[in-house]
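Step one of this worksheet: look at the structure below.
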Amino acid sequence: MHELSGQRALVTGGTSGIGRATAEALAREGAHVLISGRSEARGAEVVAAIEAEGGKAEFVRADLQSPDEVRALAERAADVDILVNNAGVFPGGPTHELPEATFDETFAVNVKAPFLLTAAIAPRMVERGGGTIINVTTMVAEFGMAGLSAYGASKAAVALLTKAWAAEYGPKGVRVNAVSPGPTNTPGTEALGDGFAAIVSTIPLGRAAAPEEIAETIVFLASDKASYVNGAVIPVDGGRVAV
Ligand SMILES: NC(=O)c1ccc[n+]([C@@H]2O[C@H](COP(=O)([O-])OP(=O)(O)OC[C@H]3O[C@@H](n4cnc5c(N)ncnc54)[C@H](OP(=O)(O)O)[C@@H]3O)[C@@H](O)[C@H]2O)c1
């Protein structure tokens, strides 16, 4: 029996990297997965890959910088049992050189969109008797890293929201948790070059993660195997925040 048969899931940023691996892993466990992103082409590719394995998936286009599009996505996904707030942007560079518009985009996509989605979808989960929400934060929300101030701050907000929502919706049957990945090989990190390699060199396990290794923990948190896990921010970072 598949762990998540009969359940519906929304994975934001399901068109790439960690989100794609998560969508594929949830579908393998029997969930019907809605995948959101901006790229129709990559969305169609992920849906085709899931269907080719016998899974169920649909692509929903939404630019999470737009609150109206976030609200429309929430309406489309109103009946999900599993919400994975994964989509994110991770601009780097010195604080004094970061354009204000980039700061605003970072907080719109990484913080405001998960906030609006959760505000719309968690009460629906409560009405239907339960559900689970998994946020994707980052190890650099746990310690200061030069060049990632706005990104780290946005994800630190997500880590706190995870705990606040666990307190708010946990008593009503909705578990809320987060995974905190270390450096992971994805299309988004491919372009980072030396900066990414420098971060990888600080990881006790001595390598970057594959997106599937992050997805495994997200699927665990979505499943009944994690039935007593609520408000946790689980590092999946090769040991980085432990040292
Ligand atoms: N990779 C790492 O090393 C790492 C480490 C720690 C945490 N994380 C976090 O893990 C998550 C996924 O990272 P990744 O490396 O897999 O990223 P990625 O390969 O760059 O993919 C990012 C995803 O987010 C979506 N997205 C970005 N901006 C969007 C917007 N304005 N509207 C809608 N969707 C948008 C993209 O979809 P479209 O392009 O189709 O719009 C894409 O599916 C992020 O939250 C990231 O901060 C990553």
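Order of appearance sets the numbers: ligands from 1, and atoms from 1 within every ligand.
Closest to atom 19 (O) of ligand 1 among all protein heavy atoms lies Ser16 OG, 2.7 Å. Nearest to atom 27 (C) of ligand 1 among the protein's heavy atoms is Arg38 NH2, 3.5 Å. With hydrogens left out, the protein atom closest to atom 14 (P) of ligand 1 is Thr186 OG1, 3.6 Å, a heavy atom. For atom 37 (O) of ligand 1, the closest non-hydrogen atom of the protein is Thr15 OG1, 3.0 Å. Scanning the protein heavy atoms around atom 32 (N) of ligand 1, the nearest turns out to be Leu64 N, 2.8 Å. Atom 33 (C) of ligand 1 has as its closest protein heavy atom Ala62 O, 3.2 Å. Considering only non-hydrogen protein atoms, atom 12 (C) of ligand 1 sits nearest to Asn86 OD1, 3.3 Å. Looking from atom 10 (O) of ligand 1 to the surrounding protein, the closest heavy atom is Val136 CG1, 3.4 Å.
Residue Ile18 has at least one heavy-atom neighbour below 4.0 Å for each of these atoms of ligand 1: 10 (O), 16 (O), 48 (C). Near Pro183, meaning under 4.0 Å from any of its heavy atoms, are these atoms of ligand 1: 3 (O). Heavy-atom contacts of Val109 reach the following atoms of ligand 1: 31 (N) (cutoff under 4.0 Å). Residue-ligand proximity, Phe90 to ligand 1, at heavy-atom distances under 4.0 Å covers atoms 13 (O), 15 (O), 17 (O), 20 (O), 46 (C), 47 (O).
At least one heavy atom of Gly182 sits less than 4.0 Å from an atom of ligand 1. Using a 4.0 angstrom heavy-atom cutoff, Asp237 does not count as in contact with ligand 1. Ligand 1 lies nowhere less than 4.0 angstrom from a heavy atom belonging to Met139.
By the 6.0 Å and 45° rule, Arg175 does not stack over the aromatic ring of Tyr169.
Looking at ligand 1, you won't find any N or O of Ser36 less than 3.5 Å from one of its N or O atoms. Residue Arg42 places at least one N or O, backbone or side chain, under 3.5 Å from an N or O of ligand 1.
Of all the heavy atoms of Thr184, the ones lying under 4.0 Å from any atom of ligand 1 are found in both the backbone and the side chain.
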